[in-house]
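Okay, so here's the structure we're looking at.
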Amino acid sequence: MRQISRLRFDALAAYTRSPLVATLSHELGWFEWPDSRLIAALLVDTDDEYSAVILAPDLNERFRWIAMTHFHSVPEQVLPELAALAEGLAKDLDEVRQQGDEQAVAMDLFAPVRPAERLHPDFLQLSTHAGYGPARALIEPMMRWHEDGDGNFVEQFQTTGFDTRMWELYLFAVITEAGLVLDRTHVVPDFVGRGPNGDVCIEATSINPSRDRKGQLLDGPPRDTPESQQSYVQDYLPIRYAGPLTAKLSKRYWEQPHVDGKPLIFAIQDFQEPLSMTWTRSALPTYLYGMAHEPHRRSDGSLEIRAVPVASHTWGSKEVQSGFFSLPGAENVSAVLFNSSGTISKFNRMGVAAGFGPLNVTLIRRGVAADPDPNASEPTSFVHIVGEGYPESWIEGTDVYHNPHATHPLDPEMLPGAAHHRLMDDGQVETTAPRWQPLSSVTSIVVLPDRSADLP
């Protein structure tokens, strides 16, 4: 057996972890056997006793508990027993891995369900390109636990709904990382997460490309001058955010009995243009709070942020009221979540970090991150070479904008690691964020000649 990172263990088995068990024990280390058919976690419980649990894929290829060691007073006594126990289980693995409750066939995201000409080009890249091997290896075990409530997840993922389904898959990973258990009793909203600190409901939505009446993609507005760029951010983008958010508001999810009394989050992503989510983030809080925030330098060089109320946004003949959180019914929405990094590139980076995929794939991540200097008016740039052990989490880069009028406020502890934003009485936005908070990034893939056969 070999020791592995928690990230790799979680990629295979986080979806079976019970939050209740996490309150009774703490995981100290993680292990894997050849071919990833057995994995284990070393635990210490509240009585300071040490043990280990072994998991194997069931008939649906979901990693689940099959055995555990005895309890010991020191961890050194656990490891030899764990190795011997795993060796015995491996001899009859086909029998002992059966749980007896397997039913449906495990979901296969990458087996084409439509002719090649109908498949989304990004799906084709993901499913066939060597550079996306880490993402594929990460997504496969995840999808064995994802339940298709709508019945068309795979078909849409492969064709017209690739982006939005990727966004839902990302949210599934965030919820799992937060230690919440998904309640699949109901189809809407998209996710109901249950945890020791309460429940939270999340509905996913997105800004999609604009099309003409014939279905042809329309180009976005010009942004070749400072004036057009300012108008784009202050008016065009808020209107684009308003469409899907107000459409979700009209669904009145809070009237569902299983949602009533629980925090409700709308999670939105921007897919209107390639890489659009990397530059449209700043427009979202303006629309949500009905407040623009303009930086100014005082005479002593210190930074001042001036809050300017915004009544509406106008683009051509279209006008929408600003301040989504002030709309009738919006008090039932606890927060709006956004992450510019919630794309296939994050899955690829997380896959590499967990040790999945071919060794000849190198990822280079470039972007900008929040500058912790209170007098900084611009973000700081970064360049990272992504390798195994790269310190990234699913929640990293997430912005949660809290509704100041929420009937059921969201506890920030339900989404630890995100940047949480709140509108204060003076119109300023108070932000609580990790010291490292990437705002946007682009990841390049470098596939080198495969020389693994030449290694000693």
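Computed from a prediction, not measured in an experiment: that's the story for all the values here.
Under 4.0 Å is where a charged nitrogen must lie from a carboxylate oxygen, and between Asp94 and Arg37 no such pair does. Under a 4.0 Å N-O distance rule, the pair Arg194/Asp183 qualifies as a salt bridge. Note on Asp10 versus Arg17: salt bridge recorded, some NZ/NE/NH1/NH2 to OD/OE distance being below 4.0 Å.
Closest approach of Val386 and Val352 over heavy atoms only: O-CG1, 3.7 Å. Residues Leu439 and Ser340 approach most closely at O-OG, 2.6 Å, considering heavy atoms. Taking both residues in full, the closest heavy atoms of Thr398 and Tyr170 are given as OG1-OH, 3.1 Å, listed atom of the first, atom of the second, then distance. The two atoms that bring Ala11 and Pro141 nearest to each other are O-CG, 3.6 Å, heavy atoms only. The two residues Asn360 and Leu448 have their closest heavy-atom pair at ND2-O, 2.7 Å. What you find for Pro189 and Val259 is that their closest heavy atoms are CD-CG2, 3.5 Å.
Between the side chain of Ser334 and the main chain of His408, a donor-acceptor pair closer than 3.5 Å is present. At least one donor-acceptor pair closer than 3.5 Å links the side chain of Asn332 to the backbone N or O of Gly329. Remark: side-chain polar atoms of Asn339 are paired, donor with acceptor, to backbone N or O of Glu396 under 3.5 angstrom. Checked by atom type and distance alone, the side chain of Gln77 never pairs as donor or acceptor with a backbone atom of Pro75 at under 3.5 Å.
When the shell of 6.0 Å around CG of Asp373 is examined, it contains more than 12 heavy atoms from other residues, nucleotides or ligands. Atom CD of Glu95 is surrounded by 12 or fewer heavy atoms from other residues, nucleotides or ligands within 6.0 Å. Heavy atoms from other residues, nucleotides or ligands lying under 6.0 Å from CZ of Arg435 number 12 at most. Around CD of Gln428, the count of heavy atoms belonging to other residues, nucleotides or ligands within 6.0 Å exceeds 12.
Counting only heavy atoms from C-beta outward, the side chains of Leu303 and Pro295 approach each other to under 4.5 Å. With a 4.5 Å cut-off on side-chain heavy atoms, Leu42 and Phe31 count as touching. In this structure, the side chains of Val383 and Ile364 come closer than 4.5 Å at one or more pairs of heavy atoms. Counting heavy atoms from C-beta outward, Ile344 and Gln125 have side chains that stay 4.5 Å or more apart. Side-chain contact check for Thr69 versus Ser51: some heavy-atom pair is nearer than 4.5 Å. You'll find the side chain of Ile175 reaches within 4.5 Å of the side chain of Ile202, heavy atoms only. In this structure, the side chains of Arg97 and Glu61 come closer than 4.5 Å at one or more pairs of heavy atoms. Side chains of Trp65 and Thr16 form no contact here, defined as non-hydrogen atoms less than 4.5 Å apart.
Relative orientation of the His258 and His186 rings is parallel, given thresholds of 30° and 60° on the angle between their planes. Relative ring orientation between Tyr241 and Phe338 is described as perpendicular, the plane-to-plane angle rising above 60° on a 0-90° scale split at 30° and 60°. The aromatic rings of Tyr401 and Tyr289 sit perpendicular to each other, their planes meeting at more than 60°, with 30° as the lower class boundary. Ring geometry, His72 versus His70: the interplanar angle exceeds 60°, so the pair is classed perpendicular (tilted spans 30 to 60°).
Taken from CZ in Phe157 to CE in Met143, the straight-line distance is 7.5 Å, to the nearest 0.5 Å. Summarising the geometry, atom NE2 belonging to His120 is positioned 11.5 Å from atom CD belonging to Gln156; distances are rounded to the nearest 0.5 Å. The OG atom of Ser206 sits 9.5 Å away from the CE atom of Met277 when rounded to the nearest 0.5 Å. For the atom pair CZ of Phe63 and CD1 of Ile54, the computed distance is 12.0 Å after rounding to the nearest 0.5 Å. Distance CG/Leu337 to CD1/Ile395: 6.5 Å, rounded to 0.5 Å. Distance check: Asp199 CG to Leu264 CG gives 12.5 Å after rounding to the nearest 0.5 Å.
Between Arg422 and Asn403, the side chains place no donor N or O within less than 3.5 Å of an acceptor N or O (distance only, hydrogens not considered). Side-chain contact of Glu32 with Ser36: a donor-acceptor pair under 3.5 Å is present, judged by distance alone. Remark: the Glu155 side chain and the Thr159 side chain contain an N/O donor-acceptor pair separated by less than 3.5 Å. Glu203 and Tyr253 form a side-chain donor-acceptor contact under 3.5 Å, judged by distance and modelled atom types alone. Under 3.5 Å, the side chains of Asp270 and Ser276 contain a donor-acceptor pair of N or O atoms. Side-chain atoms of Gln158 and Arg114 form no donor-acceptor pair, as typed in the model, at a separation below 3.5 Å. A donor and an acceptor atom, one from each side chain of Ser441 and Arg365, are located under 3.5 Å apart. Remark: the Ser25 side chain and the Asp45 side chain contain no N/O donor-acceptor pair separated by less than 3.5 Å.
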Would Ser444 and Leu363 satisfy side chain to side chain contact (heavy atoms under 4.5 Å, CB included), going step by step from the backbone distance to the final call? CA-CA 6 Å; Ser444 303; Leu363 305 182; over 6 Å; no
Verify salt bridge (charged side-chain N to carboxylate O under 4.0 Å, His left out) between Arg144 and Asp58, making sure each step is shown before the conclusion. CA-CA 10 Å; Arg144 293 165 191 151; Asp58 65 10; over 6 Å; no
Candidate pair Asn348 and Leu138, rule side chain to side chain contact (heavy atoms under 4.5 Å, CB included), full reasoning: CA-CA 8 Å; Asn348 221 26; Leu138 185 73; over 6 Å; no
Stepwise ring-ring contact (aromatic ring centres under 6.0 Å, His included) check, Tyr15 with Phe172: CA-CA 10 Å; Tyr15 321 104; Phe172 173 67; 5.6 Å; yes
Does Met350 form a side chain to side chain contact (heavy atoms under 4.5 Å, CB included) with Leu7? I'd like the steps, not just the answer. CA-CA 8 Å; Met350 296 291 282; Leu7 178 60; 3.7 Å; yes
Worked check of side chain to side chain contact (heavy atoms under 4.5 Å, CB included) between Leu237 and Gln272: CA-CA 10 Å; Leu237 290 178; Gln272 60 180 306; 3.3 Å; yes
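Evaluation of the side-chain hydrogen bond (donor to acceptor under 3.5 Å, both in side chains) rule for Asp190 yields no partner, not counting sequence neighbours.
For residues 348-361, the salt bridge (charged side-chain N to carboxylate O under 4.0 Å, His left out) pairs, not counting sequence neighbours, are Arg349-Glu392. Within the structure, ring-ring contact (aromatic ring centres under 6.0 Å, His included) contacts touching residues 354-398 (residues at least two apart or in different chains) are Phe347-Trp394, Phe382-His384, Phe382-Trp436, His384-Tyr390, His384-Trp436.
Of the residues listed (Leu288, Val429, Leu284), the one engaging His421 in a side chain to side chain contact (heavy atoms under 4.5 Å, CB included) is Val429, and it is the only one.
Between His402 and His420, the ring center distance clears the sub-6.0 Å criterion.
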